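We're numbering straight along the sequence, starting at 1. Predicted model only: the values in this text are computed from it and were never measured.
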Amino acid sequence: MQPQHERREHSSVAFLLALSGDARLHTPTGEWTMGANDLLIVSDLRSVVLHEASADWCVEYVAAPVDFWESLPLRLESPTVARKVVPSSDGPTLFGQDALARTPEEDARAARDLLAGWGCNECELLRLSNVETNRLYDDLLRIGERSREAQTPYQHDVLAAFCSVLVYDIFTLRAAQQSATDRSARTVKRFYDLLESGIARREREVRYYASRIGVTPKFLTDTVRRVTGKSATTIINSYALVPLKALLEQSELPMTQIAEEMNFHSLSYFSRYASKLLGMTPTRYREKMQEVRSQSVEHLDVFSPPTF
């Protein structure tokens, strides 16, 4: 990430961790609503305006000049993976899958670029779990305690070490959330790939698609709704509607055969399902299609030019 704005003089980076309540904050990049377990990263804490806050609003934060954050000896490379190993597409990455191919110098520069971006009004909001919030809260407490101690020759180095831990924890949380986003995108893509294969003609249960993808039905349901705004069942039904109509429009096929083709073991259940999708009974839909086809033939006889 490269800074998108010119850095202002005395630019700083602040990490605000909400512990309880909720509030609405205005920053140079817009308004942000924070609730418990939210981490807001902002540039120049003095430019942040608190518009509204609940009575139980509580936030811990640390702020320092961006030069201080950039001076920390940070690296983004995963120490558990050898440099020559190609990273797995399922593993978390911080700045793309080529992160492990960088040299240590390039890796450190990537960290500084991210910090510089945060120092140039590139705000970021992370939604955390209770465990993640507690981890960052511990980091902030240690920084606060050490900053209030009497000056020692090593205090700056000690604070830098604790701040490095905080930043590394934030980097890790960002990577996990980006990985979760990637997983959601892959899950939805595989869901649609299965539907495009025509399988909805015979399989209409969410649990079937979840098992094929390798996730739980709840994860698939929640992910599809979050990404598409629709329920997984609604999407499956929309794909099942196409073969249903095509089969019903073949007037020579009996209803029992259509029910078997669509993997229904009960004609009454098939009728109820089809009626829900069609807005009418399957028999009425077939009759309506025959009426439309008959009208089309009459219009053709009357208005079409003669053929030779």
Side-chain angles (χ1 to χ4, degrees), residues 88-92 127 129 176-308:
S88 167
S89 59
D90 293 330
R127 310 286 188 184
S129 67
Q177 294 199 9
Q178 289 172 1
S179 177
T181 301
D182 292 342
R183 185 188 182 197
S184 296
R186 290 195 303 272
T187 297
V188 173
K189 182 181 184 303
R190 292 187 64 188
F191 177 59
Y192 274 102
D193 286 344
L194 286 171
L195 292 171
E196 291 290 348
S197 72
I199 195 66
R201 176 171 175 158
R202 299 187 59 81
E203 300 293 344
R204 291 164 297 277
E205 296 292 332
V206 173
R207 64 174 177 269
Y208 168 83
Y209 294 91
S211 66
R212 287 288 303 274
I213 296 170
V215 298
T216 66
K218 184 180 187 306
F219 179 84
L220 179 60
T221 299
D222 294 345
T223 300
V224 169
R225 183 177 293 278
R226 184 174 64 254
V227 173
T228 69
K230 302 177 182 178
S231 71
T233 299
T234 297
I235 296 173
I236 293 170
N237 288 341
S238 69
Y239 276 84
L241 185 61
V242 176
L244 172 62
K245 288 182 175 180
L247 290 169
L248 287 173
E249 289 170 11
Q250 300 179 46
S251 57
E252 70 280 6
L253 292 179
M255 290 294 178
T256 52
Q257 184 176 343
I258 296 176
E260 291 176 359
E261 288 280 349
M262 297 196 68
N263 199 26
F264 284 94
H265 302 294
S266 166
L267 184 59
S268 60
Y269 180 38
F270 163 74
S271 181
R272 290 196 300 273
Y273 178 83
S275 298
K276 182 178 179 180
L277 263 61
L278 297 167
M280 62 187 75
T281 65
T283 300
R284 176 56 189 147
Y285 177 83
R286 173 172 278 180
E287 293 172 349
K288 186 175 181 180
M289 289 301 100
Q290 290 175 345
E291 293 171 2
V292 172
R293 190 176 297 110
S294 175
Q295 292 174 358
S296 299
V297 171
E298 292 175 0
H299 292 164
L300 180 64
D301 292 341
V302 174
F303 297 107
S304 295
T307 58
F308 298 95

Dump the intermediate steps for side chain to side chain contact (heavy atoms under 4.5 Å, CB included) on Asn263 and Phe270, then the final yes or no.
-> CA-CA 9 Å; Asn263 199 26; Phe270 163 74; over 6 Å; no
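- Under the side chain to side chain donor-acceptor pair (under 3.5 Å) criterion, Lys230 pairs with no residue at all, not counting sequence neighbours.
- Here salt bridge (charged side-chain N to carboxylate O under 4.0 Å, His left out) pairs that include residues 208-229, with residues two or more places apart or in two chains, are Lys218-Asp222.
- Residues passing the ring-ring contact (aromatic ring centres under 6.0 Å, His included) test with Tyr269, sequence neighbours excluded: Phe264.
- Residues Arg204 and Val206 have side chains not in contact (no heavy-atom distance under 4.5 Å, counting atoms from C-beta outward).
- Applying the 6.0 Å contact sphere to CZ of Arg202 captures more than 12 heavy atoms from other residues, nucleotides or ligands.
- Put simply, the side chain of Thr221 gets close to the backbone of Pro217: a donor and an acceptor are under 3.5 Å apart.
- With sequence neighbours excluded, no residue forms a side chain to side chain donor-acceptor pair (under 3.5 Å) with Ser197.
- With sequence neighbours excluded, no residue forms a side chain to side chain contact (heavy atoms under 4.5 Å, CB included) with Val242.
- With rounding to the nearest 0.5 Å, the separation of CG in Leu277 from CG in Leu244 is 6.5 Å.
- Sorted by first and then second residue, the salt bridge (charged side-chain N to carboxylate O under 4.0 Å, His left out) pairs with a member in residues 256-278 read Arg201-Glu261; sequence neighbours excluded.
- Partners of Arg127 by side chain to side chain donor-acceptor pair (under 3.5 Å), not counting sequence neighbours, listed by chain and number: Asp38.
- Nearest heavy atoms, Glu203 versus Ile236: O-CG2, 4.0 Å.
- In this structure, the separation between CD on Gln250 and CZ on Arg286 is 8.5 Å, given to the nearest 0.5 Å.
- Among residues at least two apart or in separate chains, side-chain hydrogen bond (donor to acceptor under 3.5 Å, both in side chains) pairs with a member in residues 232-246 are Glu196-Tyr239, Ser231-Thr234, Asn237-Tyr273.
- Residue pairs meeting the ring pair (Phe, Tyr, Trp, His ring centres under 6.0 Å) criterion with at least one partner in residues 207-238, sequence neighbours excluded, are Phe191-Tyr209.
- The side chain to side chain contact (heavy atoms under 4.5 Å, CB included) check on Arg190 picks up Ile213, with sequence neighbours excluded.
- Listed by chain and number, the residues in a side chain to side chain contact (heavy atoms under 4.5 Å, CB included) with Thr281 are Ser275, Thr283, Arg284 (sequence neighbours excluded).
- Within the 4.5 Å cutoff, the side chain of Leu278 has heavy atoms near those of the Leu248 side chain.
- The minimum heavy-atom distance between Val188 and Thr223, with the atom names listed, is CG2-CG2, 4.0 Å.
- Across all their heavy atoms, Gln290 and Ser251 have their closest contact at NE2-CB, 3.5 Å.
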